> 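Quick one: the structure is below, and I'll ask about it shortly.
For reference, positions follow the sequence shown, starting with 1. For ligands, and for the atoms within them, numbers begin at 1 and follow the listed sequence. What you see is a predicted model, and the numbers here were worked out from it, not measured in a lab. In what follows, every heavy atom counts, from backbone to side chain, and hydrogens, waters and symmetry copies are set aside.
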Amino acid sequence: MLLSKLFIPILKNNPSEAKIKSHQLMLRVGMIKQASAGIYSWLPLGFKVMKKIEEIVRQEQNKIGAQEILMPTIQSSEIWKESGRYEDYGEEMLRIKDRQNREMLYGPTNEEQVTEIFRSSLKSYKSLPQLLYHIQWKFRDEIRPRFGIMRGREFYMKDAYSFDISDDEAFYSYNKFFLSYLRTFKRLSLTAIPMAADTGPIGGNLSHEFIILADTGESKIFTDKRVFDLNSNETELEKNSLQQMRKKYEQYYSVTDEKFNKEEFEKVVSEENRLITKGIEVGHIFYFGDKYSKAMGASVDLPGGKKDFVKMGSYGIGVSRLVGAIIEAKYDDKNEIMKWPLSVAPYDIALIPMINKNDTSALDKAININKELIKNNIDAIIDDTEENFSSKIKKMNLIGTPYQIIIGKKTDGDLLEFKETGKETQNISLTKIVEIIKKQKNSN
Ligand code: P5A
């Protein structure tokens with residue numbers, strides 16, 4: 001794609017209203033545009049990244065056997081009255097009345113809606129387990145929306161719900177999501193650590209937040225450093241091995257501040273392994289048994305003829321927040337260089353030809369190179385503007401393609417000036433460049 005034809009409204013300087021680097025960069029390169037407090041439009045560059053993140057999240061949900069549905073954004077207050085949360089949820093819930101004066105709301109989460117779907121369709125234990133998810137906008141009238149899309153009022157979430165016959169089976173579902181979250185964040189090139197967390201308005205007594213380290217994060221965390229060395233390569237969804245996997249993480253103290261206990265921390269973690277820092281919550285999973293199923297009458301027939309309420313959990317990933325979280329993790333704001341992981345980059349590579357009015361040969365070369373890249377499914381952005389070289393590089397460093405090719409007058413023959421964004425230039429052939437990028441793509 002030619003840069004001059006794209007809708008990428010780049011600002012010369014950092015916008016003063018943005019306090020953290022992700023918010024600055026997203027406004028600066030025109031990924032988002034604020035519509036009102038905590039509510040944003042997603043412009044092409046930002047939307048492309050978010051859609052790629054969404055697709056990775058989706059693939060990893062499907063891999064554990066979760067089925068995708070789509071529930072509405074607007075819900076009836078009736079089901080929330082049944083669960084008892086209509087009053088409890090308080091001012092964060094955006095309440096609306098329709099023309100018949102019926103009380104509706106913009107969903108902040110979907111435990112009630114999905115329980116209603118389940119109870120009206122499934123009646124037997126033979127249909128269990130069920131894992132359902134959707135990826136949908138949510139609205140929470142946060143007191144202090146801030147940091148751009150990191151704490152928005154409207155935000156995009158993947159939320160999944162599990163239905164099981166017993167606690168034991170429900171923990172198995174919980175562990176499947178636990179693993180799928182580790183895999184998802186790894187594919188986004190993030191190190192997200194599961195930390196024992198509070199359950200807040202969702203309820204229940206088992207919960208983990210998945211947190212990535214960042215000074216600008218809003219979650220305070222207390223951990224045993226060794227948890228960062230763990231890796232999960234489980235390929236099978238076997239019950240015992242998943243349980244072992246979770247135990248492996250839980251052996252090291254790692255909690256958010258609501259769960260923090262100083263005495264215990266100092267007792268179980270030696271001084272050199274203690275880490276008290278901040279992070280961004282990119283996912284949160286909950287087990288709450290029959291909290292909703294009991295209140296809303298979602299039961300199944302058991303083998304002996306008895307009935308029981310289904311045991312449920314819910315599992316969230318902040319899809320829109322992840323765009324900001326990746327920037328917080330990857331953006332070098334001192335040198336103004338962003339390098340998106342290839343798995344979610346808005347473009348794989350930038351072609352930067354040196355152009356002036358009398359000589360467009362470099363642009364012609366770039367267009368020819370692009371033809372070859374297209375054949376190989378590599379998505380390039382070509383800077384076809386007549387700006388000077390340093391401002392072109394500056395701009396592309398902000399857009400953050402993982403790779404760049406510089407095409408100057410000297411570019412001749414087979415060798416191209418290629419670089420991984422932010423690194424040294426190497427002179428290599430287009431065939432080799434294609435090979436490098438394809439290999440990297442396949443590893444994801
Ligand atoms: C789990 C799924 C829930 O809502 N119900 C359905 C449960 N959990 S949660 O922790 O409240 O939210 C899940 C994830 O959504 C992101 N998130 C936000 N992102 C941007 N702006 C917000 N205001 C916001 N609130 C929550 C977080 O990533 C969170 O982990």
> At what distance is the nearest protein heavy atom to atom 20 (C) of ligand 1, and which residue and atom is it?
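Its nearest protein heavy-atom neighbour is Met150 O, 3.3 Å.
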> Please determine, by modelled atom types, if Lys123 and Ser299 share a side-chain donor-acceptor pair under 3.5 angstrom.
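Not at all, the side chains of Lys123 and Ser299 share no donor-acceptor pair under 3.5 Å.
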> Judged on heavy-atom distance to atom 4 (O) of ligand 1, which of Glu92, Arg151, Arg140 sits nearest?
Arg140
> Would you mind listing which atoms of ligand 1 come within a distance below 4.0 Å of any non-hydrogen atom of Tyr315?
1 (C), 2 (C)
> Can you find a side-chain donor-acceptor pair between Asn273 and Ser270 that sits under 3.5 Å?
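Side chains of Asn273 and Ser270: pair found under 3.5 Å.
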> If you measure from CD1 on Ile96 to CG on Leu94, what distance do you get to the nearest 0.5 Å?
5.0 Å
> Could you give me the CA-CA distance, side-chain angles and deciding distance for Leu3 and Lys395, then say whether side-chain contact (heavy atoms from CB on, under 4.5 Å) is met?
CA-CA 11 Å; Leu3 180 63; Lys395 200 169 41 181; 3.5 Å; yes
> For ligand 1, indicate whether the residue Ile285 contacts it via side chain, backbone, both or neither (heavy-atom separation under 4.0 Å).
neither
> Taking atom NZ of Lys63 and atom CD of Glu60, what is their separation to the nearest 0.5 Å?
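Rounded to the nearest 0.5 Å, the NZ-CD separation comes to 3.5 Å.
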> Given Pro145, Gly148, Gly152, Gly203, identify the one with the heavy atom nearest to atom 23 (N) of ligand 1.
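Result: the heavy atom closest to atom 23 (N) of ligand 1 is in Gly152.
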> Give the numbers and elements of all ligand 1 atoms closer than 4.0 Å to a heavy atom of Tyr161.
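That gives atoms 6 (C) of ligand 1.
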> Could you tell me the residue and atom name of the protein heavy atom closest to atom 3 (C) of ligand 1, and the distance to it rounded to 0.1 Å?
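Sorting protein heavy atoms by distance from atom 3 (C) of ligand 1 puts Ile202 CD1, 3.7 Å first.
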> Among all protein non-hydrogen atoms, which one is nearest to atom 27 (C) of ligand 1, and what is the separation to 0.1 Å?
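Closest protein heavy atom to atom 27 (C) of ligand 1: Arg321 NH1, 3.5 Å.
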> Once you restrict to heavy atoms under 4.0 Å, what part of Glu142 touches ligand 1? Side chain, backbone, both or neither.
side chain
> Could you tell me how the ring of His208 sits relative to the ring of Phe178: parallel (under 30°), tilted (30 to 60°) or perpendicular (over 60°)?
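Perpendicular: the ring planes of His208 and Phe178 meet at over 60°.
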> Atoms of ligand 1 less than 4.0 Å from Asp159 heavy atoms?
2 (C), 6 (C)
> So which of Tyr133, Phe286, Phe155 gets nearest to atom 25 (N) of ligand 1, if we judge by its closest heavy atom?
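Closest candidate by heavy-atom distance is Phe155.
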> Need the ligand 1 atom indices (1-based, order shown) with element for anything under 4.0 Å from a heavy-atom of Val282.
28 (O), 30 (O)
> Do Arg140 and Tyr106 have a side chain donor and acceptor closer than 3.5 Å?
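Tyr106 and Arg140 do not have a side-chain donor-acceptor pair below 3.5 Å.
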> How about Tyr287 and Phe171: are their ring centroids closer than 6.0 Å?
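Yes, they do, as the ring centres are separated by less than 6.0 Å.
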> Is it the case that more than 12 heavy atoms not belonging to Lys330 sit under 6.0 Å from its NZ atom?
yes
> Between Glu281 and ligand 1, is there a nitrogen or oxygen pair with a distance under 3.5 Å?
yes
> If I apply the N/O under 3.5 Å rule, does Ser320 come out as touching ligand 1?
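No, Ser320 has no N/O under 3.5 Å of an N/O on ligand 1.
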> Would you indicate which of Glu209, Met157, Arg153 comes nearest to atom 13 (C) of ligand 1 when only heavy atoms are counted?
Met157
> Checking contacts here: is it the side chain or the backbone of His284 that comes within 4.0 Å of ligand 1, counting heavy atoms only? Could be both or neither.
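The answer is both, backbone and side chain.
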> Enter the distance from Leu188:CG to Ile53:CD1 here, rounded to the nearest 0.5 Å.
6.0 Å
> Any heavy atom of Ile149 closer to ligand 1 than 4.0 angstrom?
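For ligand 1, residue contact (heavy atoms, under 4.0 Å) with Ile149 is present.
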> For the residue pair Tyr89 and Trp80, categorise the inter-ring angle as parallel (less than 30°), tilted (30 to 60°) or perpendicular (more than 60°).
perpendicular
> Which of the numbered atoms in ligand 1 are under 4.0 angstrom from any heavy atom belonging to Gly283?
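Those atoms are 30 (O).
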> Can you tell me if Glu111 has a non-hydrogen atom under 4.0 Å from ligand 1?
yes
> Starting from atom 16 (C) of ligand 1, what is the nearest protein heavy atom, named by residue and atom, and what distance separates them?
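Result: Gly318 CA, 3.7 Å.
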> Can Gln251 and Arg226 be said to form a side chain to side chain donor-acceptor pair (under 3.5 Å), step by step?
CA-CA 10 Å; Gln251 72 177 306; Arg226 289 173 295 177; over 6 Å; no
